[in-house]
Student: 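If you scroll down you'll find the structure; I have some questions about it.
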2 protein chains.
Amino acid sequence: MESITPIRRKVTLTDIAASTGVSRATVSLVLRGSPLVNKLTRAKVEAELRRQGYVYNRAAANLRRRTSSSIALVLNELANPFFAEFAAGVDETLGAAGFVTLLGSTGESIEREQAVLASLIEHGPGGIILSPAEGSDAQQVLATVGAQTPLLLFNRELGGSLPEFAHWDRLMLDNQRGARLATEHLIAQGHKRIAFFGGHRDSSSCRQRHAGYVEAMTAAGLTMASQWRVETAPTRLDAAHRCGELFTHEPAPTAAVCYNDAVALGLMLGLNQRGLQPGRDFAVTGFDDVAEAAFSTPALTTLATGPRERGRQAARTILVRLREPEADTSFIVAPAQLVVRESSAPPRSS
Amino acid sequence: MESITPIRRKVTLTDIAASTGVSRATVSLVLRGSPLVNKLTRAKVEAELRRQGYVYNRAAANLRRRTSSSIALVLNELANPFFAEFAAGVDETLGAAGFVTLLGSTGESIEREQAVLASLIEHGPGGIILSPAEGSDAQQVLATVGAQTPLLLFNRELGGSLPEFAHWDRLMLDNQRGARLATEHLIAQGHKRIAFFGGHRDSSSCRQRHAGYVEAMTAAGLTMASQWRVETAPTRLDAAHRCGELFTHEPAPTAAVCYNDAVALGLMLGLNQRGLQPGRDFAVTGFDDVAEAAFSTPALTTLATGPRERGRQAARTILVRLREPEADTSFIVAPAQLVVRESSAPPRSS
DNA sequence: GCAAAGATTTAGATCGTTACAAAAGCCGCA
DNA sequence: TGCGGCTTTTGTAACGATCTAAATCTTTGC
């Protein structure tokens with residue numbers, strides 16, 4: 001006698017085979033839409049599949065076929081809108097390809113990164129998309145994920161050297177060129193005393209952006225005073241606090257290239273508090289083009305990186321790698337696009 | 001002769017058993033830390049596990065044990081910072097419990113929600129956390145996920161009635177009470193003509209928030225003019241555009257309870273453009289307490305919902321359900337906390 | 001009417017792990 | 001020596017799918 005409640009054990013291939021009177025193999029063929037099976041048999045089996053509410057067990061199939069239908073996505077900070085957009089892009093593309101996203105958030109901690117990777121790898125993802133925590137090391141990552149599983153590095157390089165047999169793809173943002181564009185734009189606007197504001201020196205993206213700034217300044221023959229480089233936490237609050245450090249020595253800068261939008265918005269806040277109107281008395285540029293940048297007053301000139309499109313791109317890249325494990329490793333540097341708004345007006349004096 | 005490249009097929013239990021000269025069963029016991037195995041054997045096996053770089057195949061184990069070590073997380077809009085925070089909270093708690101998060105983002109489309117759920121369910125998650133797309137229907141969801149897999153509904157109710165045998169947990173925000181608190185706060189500040197601004201009438205959270213507003217107004221004996229309810233897309237831009245609609249009839253309102261923070265920030269933008277200074281000439285409240293709320297000028301009075309903590313809570317709830325499938329279904333309504341800042345000053349006249 | 005060719009179907013092994021019950025080893029003690 | 005009572009170890013059958021090769025069943029050609 002059958003249970004009355006709708007809660008019963010999962011229905012499998014074998015159940016369907018039994019109640020249609022065909023073999024498991026045939027049901028399996030039907031499931032996969034094989035042209036081998038007879039029309040009538042197919043119809044009969046499909047009816048039974050629906051009737052019993054069969055759901056495919058992809059894990060079992062993957063085990064047998066030695067394939068995978070998932071990709072692990074490990075992010076250093078999911079709560080950050082930039083990465084949230086990125087994740088949405090990844091999931092969108094993976095989903096369309098029939099893959100499922102295994103999520104892992106490390107909260108910028110190397111220990112958690114190790115733990116998360118170790119846990120995810122046990123679920124046998126076909127590949128890994130990793131935006132490493134600051135200070136994460138190639139050897140360590142390799143030790144926990146092994147050389148079997150393709151890995152795509154996003155946003156940051158790993159510390160240490162990675163063995164060349166581990167061909168890992170990389171997708172980076174062109175931080176240096178982006179910051180150079182911003183700096184060149186400020187220079188073209190007529191600014192001569194330009195600061196580099198915010199970020200931590202030990203962050204690789206900060207170093208790259210600073211390098212771009214230096215490049216543009218040097219090329220233009222402009223000098224950089226040491227007090228024009230101010231380090232901050234990459235947050236609005238800390239940036240607002242440290243605004244004053246730009247104005248301790250005369251002559252003060254008339255513009256600042258900021259590490260990112262959060263810092264830029266914080267700086268604008270700090271400027272307001274000092275009675276300076278950003279965009280008129282002092283020019284500011286950001287990096288990232290967060291949603292808010294377009295709506296701040298003044299609207300923020302910044303560099304758009306297209307996080308959602310980067311996510312799609314990362315997903316596409318890793319999917320290609322699954323099909324072509326031995327293809328050359330790719331190294332994509334995605335351009336950052338300068339979006340000129342109101343915060344980067346010419347200096348007042350000119 | 002062994003392959004020279006480090007790329008070789010995955011090492012399994014059987015490999016370890018063969019090269020240590022014990023049975024697969026024993027290796028399995030070692031892996032699971034069983035007290036049955038002899039110290040020396042354990043040491044020998046563990047050494048070999050490390051030497052060969054063995055990684056546990058959880059999918060195979062789950063198949064055999066008929067268990068699951070994953071939870072599906074399906075969100076209507078991952079790119080929204082609120083849900084990104086929520087996802088981070090979910091993943092944090094699931095990860096700590098040894099579970100992995102299967103991510104799915106539906107982009108507020110019912111069709112994609114169906115597709116995503118259908119795909120995820122094939123991977124056999126132990127449970128599902130679902131923040132449904134607007135207009136999603138209980139029958140449909142039930143049809144694709146079945147009654148076997150526990151489901152926790154977050155943020156929104158489903159349309160249609162769900163069969164009582166599907167005991168689905170629910171975790172909702174107290175939208176109504178939150179909006180009531182905001183309205184009461186404005187009333188306490190001395191406002192009498194208060195509008196409800198933004199959001200779509202067919203969104204359930206908007207309806208609930210509006211209900212809270214009506215409740216407070218009615219309780220205070222205040223009247224509500226019909227032109228004081230303005231519908232907008234839940235975006236800053238549209239909100240800024242529609243600001244004028246509040247001022248078409250005299251007497252105009254002196255304050256507005258906004259559907260959410262994005263709308264409130266947009267409204268403040270619109271007010272500025274009309275020469276009204278929000279927080280002085282016109283009071284505004286939001287909902288969500290996004291990061292920006294604390295930094296806008298004026299800082300936004302709003303309702304904090306603690307998305308990250310909600311994520312943790314959702315994860316805890318579904319984990320409990322996995323252990324106790326037959327326990328009573330839970331229905332949690334998380335309170336929203338009023339955060340008073342500068343945007344909700346008393347009216348100028350008083 | 002019968003064999004060869006083609007169309008369908010299927011038994012049985014297998015993927016990497018765990019559960020079960022039974023088998024070894026080992027020890028002390030009668 | 002033999003036997004109960006430990007501690008360890010292990011063969012074998014699952015889990016739910018797929019693959020392979022072979023077995024059926026139909027046609028078709030002559």
Side-chain angles (χ1 to χ4, degrees), chain A residues 8-46 48-49 52-70 98 121-126 146 148-149, chain B residues 8-46 48-49 52-70 98 121-126 146 148-149:
Chain A
R8 45 178 172 247
R9 85 177 220 303
K10 275 177 181 152
V11 10
T12 76
L13 244 172
T14 312
D15 300 326
I16 305 295
S19 51
T20 48
V22 302
S23 72
R24 282 179 359 257
T26 303
V27 179
S28 177
L29 290 173
V30 169
L31 280 176
R32 287 172 290 155
S34 160
L36 291 178
V37 324
N38 182 292
K39 250 183 165 179
L40 270 65
T41 328
R42 150 158 296 130
K44 191 173 58 176
V45 169
E46 281 176 343
E48 191 63 15
L49 286 169
Q52 297 203 31
Y54 170 82
V55 323
Y56 188 69
N57 185 333
R58 206 165 283 275
N62 281 334
L63 174 60
R64 177 63 237 261
R65 307 185 51 196
R66 297 151 151 279
T67 58
S68 172
S69 57
S70 62
I121 201 78
E122 294 187 348
H123 288 85
Q148 321 283 348
T149 310
Chain B
R8 48 178 169 247
R9 85 176 220 306
K10 276 177 181 152
V11 10
T12 75
L13 249 175
T14 311
D15 300 325
I16 305 295
S19 52
T20 48
V22 301
S23 72
R24 291 192 334 271
T26 303
V27 179
S28 176
L29 290 173
V30 169
L31 280 177
R32 287 173 288 157
S34 160
L36 290 177
V37 325
N38 183 293
K39 250 183 166 175
L40 271 66
T41 330
R42 148 158 296 129
K44 192 174 55 175
V45 170
E46 281 176 343
E48 191 63 15
L49 286 169
Q52 298 204 30
Y54 170 81
V55 324
Y56 188 67
N57 184 331
R58 205 166 284 275
N62 281 334
L63 175 59
R64 176 66 238 255
R65 305 185 51 196
R66 297 153 151 278
T67 57
S68 172
S69 56
S70 62
I121 201 77
E122 294 187 347
H123 289 85
Q148 321 283 346
T149 310

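These figures come from a predicted structure and were not determined experimentally. Per chain, numbering begins at 1; letters A, B, ... match sequence-line order.
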Student: Cut-off 3.5 Å, side chains only: do Glu48(A) and Ser19(A) have a donor facing an acceptor?
Tutor: yes
Student: Here's a test for you: under side-chain contact (heavy atoms from CB on, under 4.5 Å), which of Thr41(A), Val30(A), Leu31(A) qualifies with Glu46(A)?
Tutor: Val30(A)
Student: Using every non-hydrogen atom in the two residues, find where Ser70(B) and Gly124(B) come nearest and quote the distance to one decimal.
Tutor: OG-O, 4.1 Å
Student: dA17(D) C1' sits how many Å from Leu31(A) CG, rounded?
Tutor: 9 Å
Student: Rounded to the nearest Å, what distance is computed from the NZ atom of residue Lys10(A) to the C1' atom of nucleotide dC15(D)?
Tutor: 12 Å
Student: Under 4.0 Å from any heavy atom of chain A: name the first and the last nucleotide of DNA chain C that qualifies, 5' to 3'.
Tutor: dT8(C) to dG16(C)
Student: Counting only side-chain nitrogens and oxygens, does Arg64(B) get under 4.0 Å of the OP1 or OP2 atom of dG16(D)?
Tutor: no
Student: How do Ala25(B) and Arg65(B) order along DNA chain D: which one's closest nucleotide is nearer the 5' end?
Tutor: Ala25(B)
Student: Check for a donor-acceptor pair, side chain of Ser68(A) on one end and backbone N or O of Gly126(A) on the other, with a separation under 3.5 Å.
Tutor: yes
Student: Can you pull out the residues from residues 12-24 of chain A that lie within a 4.0 Å heavy-atom distance of DNA chain D?
Tutor: Thr12(A), Leu13(A), Arg24(A)
Student: It should be established whether Thr41(B) places a side-chain nitrogen or oxygen under 4.0 Å from OP1 or OP2 of nucleotide dT9(D).
Tutor: yes
Student: Just checking Ala61(B): base, sugar-phosphate only, or nothing, at a heavy-atom cut-off of under 4.0 Å?
Tutor: sugar-phosphate
Student: Nearest whole angstrom, please: distance from the P of dT20(D) to the CG of Leu29(A).
Tutor: 12 Å
Student: Can you tell if the side chain of Leu63(A) reaches within under 4.5 Å of the side chain of Asn57(B), non-hydrogen atoms only?
Tutor: yes
Student: In sequence, state the C-alpha distance, the side-chain angles, and the governing distance for Ser69(B) and Asn62(B), and then conclude on side chain to side chain donor-acceptor pair (under 3.5 Å).
Tutor: CA-CA 7 Å; Ser69(B) 56; Asn62(B) 281 334; 3.1 Å; yes
Student: Starting at the 5' end of DNA chain D and moving along, which residue's nearest nucleotide shows up first, Tyr56(A) or Lys39(B)?
Tutor: Lys39(B)
Student: Just the rounded figure in Å: distance from P of dA14(D) to CG of Leu63(A).
Tutor: 17 Å
Student: Rounded to the nearest 0.5 Å, what's the gap from CZ on Arg58(A) to OG1 on Thr67(A)? Could you check?
Tutor: 9.0 Å
Student: Would you call Leu13(B) and Ile16(B) a side-chain contact if the rule is heavy atoms closer than 4.5 Å?
Tutor: no
Student: Judged by modelled atom types alone, do Arg24(B) and Ser28(B) share a side-chain donor-acceptor pair under 3.5 Å?
Tutor: no
Student: Rounded to the nearest Å, what distance is computed from the CG atom of residue Leu36(A) to the C1' atom of nucleotide dA23(D)?
Tutor: 15 Å
